[in-house]
There are 2 protein chains.
Amino acid sequence: MLQAIVGGSCGAGRPSENIGERPEVILDQGNPARTGKRRSITGRQLARLVGVSQSAVSRAFTPGSSISAEMRELILKTARELNYHPNAIASMLSRSRTNIVGIVVSEMQNPFYPLIIERLSRALQQVGLQSLMFNVTRSSSFEQQLAALRQYNVDAVIVLSATALSGPALHWATENRAAILVNRNLPDNSITSVCCDNASGAREIADHLYAIGRRRVAYVAGLAHTSTNLERQSSFITRVAELGMTLTMQLSGGEYSYEAGYRAARQIAAKGDTDGIFFANDILAIGGMDALRDEAGLSVPDDIAVVGFDDIAMGSWPRYSLTTYRQPVDDLVDRTVRLIADGDVEPGKPPIAVRLPGSLIKRASSMGGASVAFA
Amino acid sequence: MLQAIVGGSCGAGRPSENIGERPEVILDQGNPARTGKRRSITGRQLARLVGVSQSAVSRAFTPGSSISAEMRELILKTARELNYHPNAIASMLSRSRTNIVGIVVSEMQNPFYPLIIERLSRALQQVGLQSLMFNVTRSSSFEQQLAALRQYNVDAVIVLSATALSGPALHWATENRAAILVNRNLPDNSITSVCCDNASGAREIADHLYAIGRRRVAYVAGLAHTSTNLERQSSFITRVAELGMTLTMQLSGGEYSYEAGYRAARQIAAKGDTDGIFFANDILAIGGMDALRDEAGLSVPDDIAVVGFDDIAMGSWPRYSLTTYRQPVDDLVDRTVRLIADGDVEPGKPPIAVRLPGSLIKRASSMGGASVAFA
DNA sequence: TTGAAAGCGATACCAT
DNA sequence: ATGGTATCGCTTTCAA
């Protein structure tokens with residue numbers, strides 16, 4: 001088999017820039033070498049060969065359509081032989097449904113998102129839906145980034161990005177189509193959302209810290225203005241006050257990252273009057289634990305107990321063994337997919353706010369006792 | 001605004017199972033509530049309103065088409081006002097091009113993949129291509145999982161999965177369309193691939209271990225039969241022999257995971273005759289370091305130097321400060337996107353094997369000296 | 001440069 | 001249960 005071995009690196013490239021005009025997806029990349037080649041056969045051809053109508057072929061591939069078993073079998077058999085597959089594009093056009101959902105993402109650095117994306121796309125596949133990914137950055141024009149979202153006529157949009165999109169941006173992006181926010185919501189709940197019950201989680205965490213004897217606790221936010229943070233923060237602080245604990249510090253890392261957690265913990269350790277920290281999510285907490293131990297020389301949990309939120313895989317590593325509030329990922333995913341599959345999020349319908357309970361996972365970062373290594 | 005607050009969890013669900021027949025994507029989910037609603041206006045309507053032909057509208061949105069500046073401007077202006085967007089689906093049908101690339105993924109747990117997926121999808125967006133994600137599991141029927149890949153007529157397929165798909169499966173999935181394997185390749189190079197130069201990387205790592213005075217080294221594989229592993233392993237072992245070092249152990253974790261690395265390191269520590277370990281990738285190495293330090297009570301790098309491969313973010317955390325061979329992610333991505341955008345991977349054309357050089361990143365896990373914390 | 005008209009490949013309504 | 005046929009919305013000859 002012919003092949004070329006090619007080496008060397010290549011410059012950072014934006015091979016072809018949109019020629020301007022406006023934030024449209026330019027459909028022509030102007031490459032002459034890529035003109036349409038004939039792929040397989042069409043339904044019409046198959047029909048002719050089998051000696052039936054085009055409609056029959058369509059019916060053979062449509063579950064529940066009125067067609068006799070023999071005819072269906074005959075058609076499917078021949079289709080198999082001729083390697084015929086219905087063209088999904090044509091189907092989309094005539095049905096004005098794509099069976100594609102757009103997933104808007106932006107924070108792949110936080111391990112929680114890859115996890116949920118994976119589950120989500122798998123669950124969608126189960127019901128015959130594909131996932132078109134839209135990666136957005138906090139760059140200038142989200143319009144440009146999401147222009148395609150509208151043109152592709154996706155059946156639904158799932159927004160997984162806690163940060164990148166403002167409320168108005170969300171409305172623009174999801175205008176006129178089924179839309180669900182996952183792990184995020186809007187103050188007025190004007191778009192359907194599926195979230196973990198952050199308030200209960202934060203409250204349970206406060207209770208837990210109290211139960212293990214901590215009285216001087218701190219809260220570390222990720223991005224201060226995100227809905228997840230607001231809910232966790234206010235609920236935690238309220239409960240801390242109710243229990244008569246002291247809130248020693250309350251600071252924001254500026255982002256949901258290991259480094260932000262690391263820095264925040266360093267500050268808390270420097271102040272020296274805290275015996276328990278609730279980090280707004282696990283990746284912050286993990287950064288925080290490393291700072292407390294490796295830099296401040298403190299013991300977790302003896303000197304300071306640490307609690308996170310999400311329950312990412314890393315939290316169960318022996319070194320961290322992180323107490324955390326587990327998001328019910330499977331439930332979130334199931335619920336989201338069902339909302340879409342059942343047609344409960346169509347543009348006309350009133351938005352729904354789904355809140356699912358998580359569960360407090362108690363581990364060594366707050367309980368003392370040896371971390372459990374792998375068997 | 002109306003809204004419902006809904007609580008409670010929901011059962012694990014396969015809301016609608018494919019009714020059988022064969023691994024087709026059933027296009028009708030049979031939901032009566034979801035019939036097509038009219039979205040925005042069509043090009044024909046716009047044309048009528050502006051008083052030009054349908055063709056003119058099409059041309060206005062096609063860069064490089066023969067149309068006068070005034071007419072284009074007029075049409076685009078009106079389009080803007082009426083919120084007209086060309087329907088990408090219709091465009092796909094008539095051009096028989098989708099501007100969509102399918103990305104086949106399977107190992108979102110390894111942080112290297114989210115990283116590369118993010119960059120890739122962003123780079124594709126830059127050139128006007130969208131990413132349709134296909135998550136495959138090592139489950140029974142990959143055909144079922146990838147049936148949609150063929151029906152959607154994606155312009156190209158990028159396979160990011162090191163493990164899930166066998167050679168034949170790959171050929172089936174990519175049959176008759178542009179295909180690129182990233183960070184993986186086939187023994188006969190029968191499908192175009194873009195990889196890091198694993199052999200050079202592994203050799204450099206052996207040289208590095210030698211240079212820092214290690215003489216009794218071990219190799220920890222991820223999945224033994226993956227191309228990345230084979231290349232790294234054989235090159236490393238060869239070089240180790242050339243340098244006259246002793247290969248104390250050579251074992252496979254069975255997967256590319258923290259836990260696998262952890263277990264492997266435990267074994268190596270138990271044997272007690274090793275002073276340097278090359279883990280096939282970073283996530284293994286990180287698991288390994290934790291086992292060496294927290295469980296075996298050894299010092300990294302004093303007792304055992306540790307080197308990984310990939311350069312994921314975690315490797316630069318102060319605790320790990322992992323020496324590793326950095327994959328040239330941006331180059332891999334650029335190259336992949338260019339191959340597609342330039343039409344160099346069309347079905348007819350001979351496969352290409354691109355190997356891009358990475359670079360050895362020396363950090364504290366092999367060099368001694370304090371890890372650098374965040375400023 | 002512009003407009004008219006024939007596809008692209010399914011779906012779905014309407015007869016039979 | 002089957003077949004005929006008009007869409008779906010855009011692209012692309014082909015003339016003018």
Side-chain angles (χ1 to χ4, degrees), chain A residues 24-30 32 34-48 50-75 79 84-99 150-153, chain B residues 24-30 32 34-48 50-75 79 84-99 150-153:
Chain A
E24 286 304 331
V25 166
I26 302 302
L27 293 170
D28 191 329
Q29 295 303 317
R34 291 186 303 171
T35 31
K37 51 252 153 197
R38 190 60 45 251
R39 321 183 188 260
S40 62
I41 66 171
T42 74
R44 174 186 295 279
Q45 293 173 298
L46 176 62
R48 224 191 295 285
V50 179
V52 298
S53 74
Q54 205 180 155
S55 328
V57 173
S58 177
R59 292 190 187 104
F61 283 92
T62 307
S65 56
S66 54
I67 183 177
S68 67
E70 312 84 65
M71 168 147 278
R72 164 169 283 155
E73 197 36 59
L74 172 62
I75 293 176
Y84 165 78
H85 298 266
N87 180 327
I89 307 292
S91 168
M92 291 177 198
L93 183 57
S94 59
R95 306 195 6 152
S96 32
R97 295 203 64 251
T98 54
N99 281 344
R150 319 182 82 187
Q151 301 191 14
Y152 280 93
N153 269 316
Chain B
E24 288 300 335
V25 166
I26 301 304
L27 293 170
D28 192 328
Q29 294 304 317
R34 291 187 300 171
T35 32
K37 52 253 151 196
R38 191 60 44 253
R39 319 181 189 261
S40 62
I41 66 173
T42 74
R44 175 186 294 278
Q45 294 174 299
L46 177 61
R48 223 190 294 287
V50 180
V52 297
S53 73
Q54 202 182 157
S55 332
V57 173
S58 177
R59 293 190 185 105
F61 282 92
T62 308
S65 57
S66 56
I67 184 178
S68 67
E70 312 86 63
M71 168 148 282
R72 165 168 283 155
E73 197 35 60
L74 173 62
I75 294 176
Y84 165 78
H85 298 266
N87 179 327
I89 306 291
S91 166
M92 292 177 196
L93 181 57
S94 59
R95 305 198 32 199
S96 30
R97 296 203 65 249
T98 55
N99 281 344
R150 318 181 83 188
Q151 300 192 14
Y152 279 94
N153 271 314

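Each chain gets a letter, A, B and so on, in the order its sequence line appears, and its residues count up from 1.
Between A:Thr98 and A:Tyr152, the shortest heavy-atom distance links the atoms CG2-O, 3.5 Å.
In terms of modelled atom types and a separation under 3.5 Å, the side chain of A:Arg59 and the main chain of A:Arg72 share no donor-acceptor contact.
Per the geometry, CG belonging to A:Leu93 stands 9 Å off C1' belonging to C:dG9, to the nearest Å. What separates CG of B:Leu74 from P of C:dT2 is a distance of 10 Å, to the nearest Å. Rounded to whole angstrom, the span from the CG atom of B:Asn153 across to the P atom of C:dA10 amounts to 10 Å. What separates CE of A:Met92 from P of D:dC10 is a distance of 16 Å, to the nearest Å. Rounded to a whole Å, the CZ atom of B:Arg95 is 11 Å from the P atom of D:dT13. As a whole-Å value, the separation of A:Ile41 CD1 from C:dG9 C1' is 12 Å. As rounded to whole Å, 14 Å separates atom P of C:dG9 from atom CG of A:Leu46. Between the C1' atom of D:dC10 and the CG atom of B:Asn87 lies a distance of 8 Å, rounded to the nearest Å.
For A:Ser58, the side-chain contact (heavy atoms from CB on, under 4.5 Å) partners are A:Thr62, not counting sequence neighbours.
Going from atom CD1 of A:Ile75 over to atom OG of A:Ser53 covers 7.5 Å, rounded to the nearest 0.5 Å.
At the phosphate of D:dT11, OP1 or OP2 sits under 4.0 Å from a side-chain N or O atom of B:Ser58. In this model, the phosphate group of D:dT12 is not approached by any side-chain N or O of B:Ser94 to a distance below 4.0 Å at OP1 or OP2.
The closest side-chain heavy-atom distance from A:Met71 to A:Val52 is below 4.5 Å.
Note on the helix from C:dT1-D:dA16 to C:dT16-D:dA1: angle between the axes of the first and last five pairs equals 30°, rounded to 10 degrees.
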Under 3.5 Å, which protein N or O atoms sit close to an N or O of nucleotides 2-5 of chain D? Give each pair with its distance.
from	atom 1	to	atom 2	distance (Å)
D:dT2	OP1	A:Ser68	OG	3.1
D:dT2	OP2	A:Ser68	N	2.7
D:dT2	OP2	A:Ser68	OG	3.0
D:dG3	OP2	A:Ser53	N	3.2
D:dG3	OP2	A:Ser53	OG	3.2
D:dG3	N7	A:Arg59	NH1	3.3
D:dG3	N7	A:Arg59	NH2	3.4
D:dG3	O6	A:Arg59	NH2	2.6
D:dG4	N7	A:Ser55	OG	3.2
D:dG4	O6	A:Ser55	OG	2.8

